[in-house]
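Position 1 is the first residue of the sequence, and the numbers go up from there. Ligands are counted one by one from 1 in listed order, and the atoms in each one are counted from 1 as well.
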Amino acid sequence: MDFQNARFVTSAPSIKECPDESLPEFCFAGRSNVGKSSLINKLTNKKRLARTSNTPGKTRQMNYYRINDAIFLVDLPGFGFAKAPKQERDRWGRDIQSYLMNRDTLRLILHLVDARHKPTKLDEDFFYWMAVNRQPFSVLLTKSDKLSKNKLNSSRRTVEKILAEMNIEVPVLACSAHTGEGIPEIQSLIEEFSGD
Ligand SMILES: Nc1nc2c(ncn2[C@@H]2O[C@H](COP(=O)(O)OP(=O)(O)OP(=O)(O)O)[C@@H](O)[C@H]2O)c(=O)[nH]1
Ligand SMILES: [Mg+2]
């Protein structure tokens, strides 16, 4: 699949506004600022396809990108963005939850965790909730360029241990939107899940 053949399609505030087209879909979830939008740019080799920022809370809707007329990549707003007004946070929570549970074309959820930090309670709840609902997901440890090999391995083991304690077996991949580490592996994973 040519990931560089990518273009913006639409911004959907909730599942009602998501495209009617039933292409296999892959979404990027995780805390604000973890690097979801940057990763989409790196996967598609574009600098500014998805908007990124140092300030958490940049992505505020579900942004759809079409790859090769074959699949959608969906950039989700981050959760745990403390500065957003409570009402807005609650609405995002509900809308994203409904999207994750009810979007029939969703093939795989890529859940991002900053490799420098231990998964939070919110991350753990997310793992649990995905597993209980039998939603296919994988965990991506982001910003791997900021850690030594040793520290990265220890972060990976921490995440694998948390998952194992929940009896969850999913791929855990390290990646960096700066160095490109893990990008081919993520592309292969997406290709694997986009087939019939
Ligand atoms: N060093 C390093 N910095 C990164 C990497 N990926 C993202 N960043 C930085 O982290 C910050 C947040 O990146 P975004 O891609 O906007 O994060 P996001 O998860 O989309 O954030 P929200 O839209 O707020 O949910 C930016 O300043 C990026 O430059 C990475 O792989 N390595
Ligand atoms: Mg974003």
Out of Cys175, Ser38, Gly30, indicate the one that has the non-hydrogen atom closest to atom 7 (C) of ligand 1.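 Answer by nearest heavy atom: Ser38.
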
Among Asn33, Asn41, Asp75, Asn63, closest by any non-hydrogen atom to atom 21 (O) of ligand 1: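 It is Asn33 that holds the nearest heavy atom.
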
Any idea which protein heavy atom is nearest [atom], and the distance to it?
atom: atom 32 (N) of ligand 1; answer: Asp145 OD1, 2.7 Å
atom: atom 5 (C) of ligand 1; answer: Lys143 CG, 3.6 Å
atom: atom 29 (O) of ligand 1; answer: His178 NE2, 4.2 Å
atom: atom 24 (O) of ligand 1; answer: Gly57 N, 2.6 Å
atom: atom 18 (P) of ligand 1; answer: Lys36 N, 3.5 Å

Which ligand 1 atoms does Ser37 reach within 4.0 Å, using its non-hydrogen atoms?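 Selected atoms, number and element: 15 (O), 20 (O).
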
Atoms of ligand 1, numbered as shown, that sit under 4.0 Å from any heavy atom of Gly78: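 Counting atoms of ligand 1 from 1, those under 4.0 Å from Gly78 are 25 (O).
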
Does Asn54 approach ligand 1 within less than 4.0 angstrom via side chain, backbone, both or neither, non-hydrogen atoms only?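 It is both parts that get close, each with some atom under 4.0 Å.
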
Per-residue contact class, Ser53 against ligand 1 - non-hydrogen pairs under 4.0 Å: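 For Ser53, the contact with ligand 1 is made by the backbone alone.
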
Identify whether the distance between the nearest side-chain nitrogen and carboxylate oxygen of Glu25 and Arg103 falls below 4.0 Å.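 A salt bridge links Glu25 with Arg103.
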
Please determine if [X] has a nitrogen or oxygen closer than 3.5 Å to a nitrogen or oxygen of ligand 1.
X: Ser32; value: yes
X: Thr52; value: no
X: Arg51; value: no
X: Gly35; value: yes
X: Pro77; value: no
X: Ala177; value: yes

Pairing donors with acceptors under 3.5 angstrom, does anything connect the side chains of [X] and [Y]?
X: Asn68; Y: Asn5; value: yes
X: Asn63; Y: Ser11; value: yes
X: Asp95; Y: Ser98; value: no

Report, as yes or no, whether the 6.0 Å neighbourhood of atom [atom1] on [X] holds more than 12 heavy atoms from other residues, nucleotides or ligands.
X: Tyr128; atom1: OH; answer: no
X: Glu169; atom1: CD; answer: no
X: Arg51; atom1: CZ; answer: no

How long is the gap from [atom1] on [X] to [atom2] on [Y], to the nearest 0.5 Å?
X: Leu140; Y: Leu173; atom1: CG; atom2: CG; answer: 6.0 Å
X: Asp75; Y: Ser37; atom1: CG; atom2: OG; answer: 3.5 Å
X: Phe8; Y: Tyr64; atom1: CZ; atom2: OH; answer: 11.5 Å

Give a yes or no on whether the backbone of Lys47 and the side-chain of Asn41 come within a donor-acceptor separation of less than 3.5 Å.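 Yes: the side chain of Asn41 pairs with the backbone of Lys47.
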
For the Mg ion (ligand 2), does an N/O/S atom of Ser37 lie at less than 2.8 Å?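 It does; at least one qualifying atom falls short of 2.8 Å.
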
